[in-house]
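Quick one: the structure is below, questions incoming.
Just so we're clear, the structure is a prediction, and the values are computed from it rather than from any experiment.
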Amino acid sequence: MAVTVLFSAVFISLLIVQRINGQACEENLTATLNEQVLTSPNYPNRHPNNLNCVWTIKVPVNSSAQVLITLTDLHTEQCCDHLEIYDGDTLIADRFKGERTGEYPMVSSTGMLRVQFRSDGSVAYTGFRATFRTALNCGGILNASDTVSHFSTPFYPDPHPHNMDCFWVLKASPKKKVDLTIAEGKTDECCDYLDIYQGTKLLERLKGTFSTPKVYSEHKLFVYFHSNSNTARDGFRAFYKEFSCGGEYDIMDEATNVMTSPNYPNNTEHNLNCTYTFKAQPGFRIELTMEVDTEACCDYIEVYDGREKIGRLAGKIPHTNVASTGQFLTLVYISDSTLPSNGFRTRYRQFLPGCGFTKVATNDYQSFNSPGYPRQYLSNMKCDWVFSAYADQQIVLTITELETEECCDFVQIFDGLKVIGKLSGTLSSPITLVSNGRNLRVRLSTDSANEAKGFKAKFKLGENCGSEKSATIRSTNTLSTPNYPVDHADNLDCLWTVKAPDGLQVLINITEGETETCCDYIQIMDGLKPLGNVRGQINTVQSFTSSSNVARVYFHSDDSGTRDGFRASYAAVCIKYINVNSTMPTSFSSPNYPGHSPHNTRCNYYFTSAPGTAIELAFSEIDTENCCDYLEVYKDDTTQRYKGSPTAPTIQSTSNTIRLYYYTDSSVGSKGFQLMYRQI
């Protein structure tokens with residue numbers, strides 16, 4: 001009795017599987033010349049869950065025709081439900097899932113097709129709709145090889161038959177591609193056409209007369225030709241071959257190897273999309289040394305550090321270095337169908353990293369930091385972070401946070417081989433530097449003593465904006481944003497480095513202009529120390545004086561709005577503010593002492609101690625031109641002038657301030673003065 005019940009349950013289950021709501025879910029169908037419709041169960045309403053439907057479509061017995069099936073509508077759950085169409089045991093195209101409209105035709109290479117639809121137990125949609133019928137025996141599966149082969153419409157170049165549906169599948173060997181060239185063709189403009197597909201994606205539809213060769217390169221391509229019962233034309237002819245493009249390179253040791261793009265250094269293939277993946281051994285990184293020569297407008301190489309895109313190389317680049325931060329590095333080489341180019345050549349190797357990396361800058365900021373940040377860095381480190389830009393572009397570097405041992409650990413910034421900054425101690429606010437060339441390097445050096453947090457920074461590409469300026473004490477020059485007073489461009493990062501002679505300072509006057517208040521600004525730096533920011537409408541002159549002989553003016557604009565920008569003047573000056581905060585004597589001297597002082601010097605030195613204390617200046621020497629140069633001392637309410645070579649005085653104030661004024665003319669030079677100062 002139990003066996004009978006079990007058999008009945010199984011039989012009923014099979015009936016349910018094979019027919020749902022009166023519609024077949026597993027069936028053998030026969031294609032004829034008349035178009036028939038095939039849908040998922042319950043279409044256009046939601047299909048049932050947990051389906052596994054199989055339809056087998058055959059042509060009539062003894063027929064030499066093929067089966068043409070055209071998918072016209074699809075809507076399934078993207079993750080879990082799908083439609084597959086097989087030519088025998090071979091999946092014709094990609095698995096269909098998600099949502100798509102528009103016709104997608106497929107033709108069997110034999111007289112049979114199999115359609116399989118699966119759904120899971122979760123979300124259900126409408127499923128699919130397709131049509132099928134017989135088609136003339138035309139098309140087939142073509143396996144590409146190194147030898148050039150061809151195919152065409154029947155009877156080419158004579159007119160093709162009416163009512164044709166031809167479908168060719170072109171396949172390459174693993175890790176290789178098919179290079180397909182549609183050489184020429186002619187179809188009835190209104191109604192006949194040739195479609196080229198990559199998977200389920202329509203690459204191009206050709207119709208009418210096409211005499212310029214069209215080239216397509218993929219691992220697998222589908223070519224579909226349709227004609228109706230109207231006027232028949234020539235059809236088309238095409239060539240195909242297999243070629244290697246891309247590959248995987250497992251690096252086993254630290255020896256240097258070489259690889260190139262196809263046909264390098266001769267002209268490369270058109271319409272390439274080649275992926276080269278380099279894999280180092282665990283714990284190693286990858287370094288590429290590349291030569292690039294591509295069509296600047298349209299051919300390029302995208303560089304990926306692991307999965308992160310770090311830059312694009314294009315045009316003529318004689319030498320560039322690329323390094324990974326992990327075990328994988330990938331190049332994607334793209335060429336179009338226009339002018340040919342040579343492609344690229346690269347040497348590649350793996351290496352054991354210390355710390356730091358080499359990267360290509362992009363338009364978007366990329367962040368980096370000292371090892372372990374914000375935890376303490378290690379002792380005895382020397383780390384290099386190297387950034388490169390494309391020709392005629394610069395690197396924008398922003399140090400956002402910094403904390404090192406004041407005396408002995410430091411961060412250096414190199415513009416090419418030139419040191420443009422050295423930072424240590426604690427950074428009070430972010431600073432931005434811009435390279436003059438296309439390479440920038442950041443180096444962290446630590447000793448064996450105390451450790452600190454290190455630094456955090458970011459970098460990106462910048463346009464060629466800003467320059468180096470020389471300030472003199474007898475003349476005033478100007479700098480301004482590009483095209484001032486016409487509105488500046490969006491996304492500018494401009495840096496002007498103004499340098500005065502040794503011993504002098506730089507006076508920057510922001511004289512006029514306007515920036516977007518919210519987002520654009522001017523930053524003035526004393527060497528690398530921020531002095532202040534200016535933004536909005538500039539109605540009055542704002543002055544800034546460096547304590548060293550280098551000042552920097554940095555201008556930043558975003559992409560939200562533009563204004564006039566600004567104009568500034570700069571000159572070399574001699575002015576210093578000295579905090580006297582110790583009873584221990586500290587040395588101080590005039591510019592260039594004990595060498596000759598600069599001509600035409602006008603120096604003001606302000607010594608200030610804490611309220612309630614006083615100051616002592618103990619001169620060891622005063623040496624000026626007797627007629628024309630002099631040193632004046634202002635203390636309390638008195639003034640004393642010294643010139644020539646007087647006996648070196650010791651001066652004590654009763655208040656907490658002393659000012660010195662040092663003057664030289666344009667004639668004979670002299671040493672100037674030297675003193676020791678302390679708080680009393």
Against the six-membered ring of Tyr373, is Lys456 placed for a cation-pi contact (under 6.0 Å from the centre, within 45° of the normal)?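 No, cation not above the ring by the 6.0 Å, 45° rule.
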Open item on the list: For the CD atom on Glu35, are there more than 12 heavy atoms of other groups (residues, nucleotides or ligands in this structure) within a distance under 6.0 Å?
Closed with: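 Result for CD/Glu35: enclosed.
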Exercise for review: Show your working on salt bridge (Lys or Arg N to Asp or Glu O under 4.0 Å) between Lys241 and Asp179 and close with a plain yes or no.
Suggested key: CA-CA 5 Å; Lys241 68 172 183 176; Asp179 193 1; 5.1 Å; no
Any side-chain donor paired with an acceptor under 3.5 Å for Thr346 and Glu291?
->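 Glu291 and Thr346 do not have a side-chain donor-acceptor pair below 3.5 Å.
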Ring pair (Phe, Tyr, Trp, His ring centres under 6.0 Å) partners of Tyr333, counting only residues at least two apart:
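Scan of Tyr333 (ring pair (Phe, Tyr, Trp, His ring centres under 6.0 Å), adjacent residues dropped) gives Phe344.
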(Q) Does the plane of the ring in Phe357 sit parallel, tilted or perpendicular to the ring in Phe368? Use 30° and 60° as the thresholds. (A)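 Perpendicular: the ring planes of Phe357 and Phe368 meet at over 60°.
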Met106 vs Ile92 side-chain heavy atoms within contact, under 4.5 Å: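 They are in contact (side-chain heavy atoms under 4.5 Å apart), so the answer is yes.
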Under 3.5 Å, which donor-acceptor pairs do the side chains of residues 188-196 form with other protein atoms, sequence neighbours left out?
unit_1	atom_1	unit_2	atom_2	d
Asp192	OD1	Asn228	N	2.9
Asp195	OD1	Arg205	NE	2.7
Asp195	OD2	Arg205	NH2	2.9

Checking Lys458 against Tyr365: charged group under 6.0 Å from the ring centre and within 45 degrees of the axis?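 Lys458 over Tyr365 ring: yes.
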### Message
Please list all pairs meeting ring pair (Phe, Tyr, Trp, His ring centres under 6.0 Å) that have one or both residues in residues 81-110, counting only residues at least two apart or in different chains.
### Response
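For residues 81-110: Phe96-Tyr104, Tyr104-Tyr197.
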Answer with yes or no whether the side chains of Glu218 and Tyr216 bring together a donor and an acceptor at under 3.5 Å.
->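 Their side chains do not contain a donor-acceptor pair, so the 3.5 Å distance test is not met.
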Taking only residues two or more places apart in sequence, or in another chain, which ones meet Arg100 in a side chain to side chain donor-acceptor pair (under 3.5 Å)?
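With sequence neighbours excluded, Arg100 shows a side chain to side chain donor-acceptor pair (under 3.5 Å) to no residue whatsoever.
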- Task: Please report the shortest heavy-atom distance between Pro60 and Thr134, naming the atom on each side.
- Result: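 Closest pair (atom of Pro60, atom of Thr134, distance): CD-CG2, 4.3 Å.
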Exercise. OG of Ser261 to CD1 of Ile301: how many Å apart, nearest 0.5 Å?
Worked result: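 One gets 7.0 Å once the value is rounded to the nearest 0.5 Å.
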| message | I want to know whether Tyr43 and Tyr125 have ring centres closer than 6.0 Å. | response |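 No, too far apart.
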Using a strict cut-off of less than 4.0 Å between a Lys/Arg side-chain nitrogen and an Asp/Glu carboxylate oxygen, indicate whether Lys279 and Glu248 qualify as a salt bridge.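 The answer is no: the pair does not qualify as a salt bridge.
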Problem set entry | SB check Arg114 Asp87 (cutoff 4.0 Å) |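 Asp87 and Arg114: not salt-bridged.
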- Message: Under a plain distance cut-off of 3.5 Å, with no hydrogens placed, do Glu77 and Ser122 share a side-chain donor-acceptor pair?
- Response: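 Indeed, the side chains of Ser122 and Glu77 share at least one donor-acceptor pair under 3.5 Å.
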Does the Lys NZ or Arg CZ of Arg312 fall within the cation-pi geometry relative to Tyr300 - under 6.0 Å from the ring centre and within 45° of the axis?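 Relative to the ring axis of Tyr300, which defines the angle, Arg312 lies inside both limits.
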query: Side chains of Glu242 and Asn143: donor-acceptor distance under 3.5 Å anywhere?
result: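 Glu242 vs Asn143: no donor-acceptor pair found between side chains.
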(message) For a quick check under 3.5 Å, do Arg345 and Thr260 share a side-chain donor-acceptor pair by atom type?
(response)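 Side chains of Arg345 and Thr260: no pair found under 3.5 Å.
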>> Test of understanding: with salt bridge (charged side-chain N to carboxylate O under 4.0 Å, His left out), list the residues that count as partners of Arg133, not counting sequence neighbours.
In response: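 Arg133: salt bridge (charged side-chain N to carboxylate O under 4.0 Å, His left out) contacts with Asp165.
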Considering only residues two or more places apart or on different chains, which pairs with a residue in residues 156-179 satisfy ring pair (Phe, Tyr, Trp, His ring centres under 6.0 Å)?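 Residue pairs with at least one partner in residues 156-179: Phe151-Trp168, His160-Phe225, Phe167-Phe222, Trp168-Phe236.
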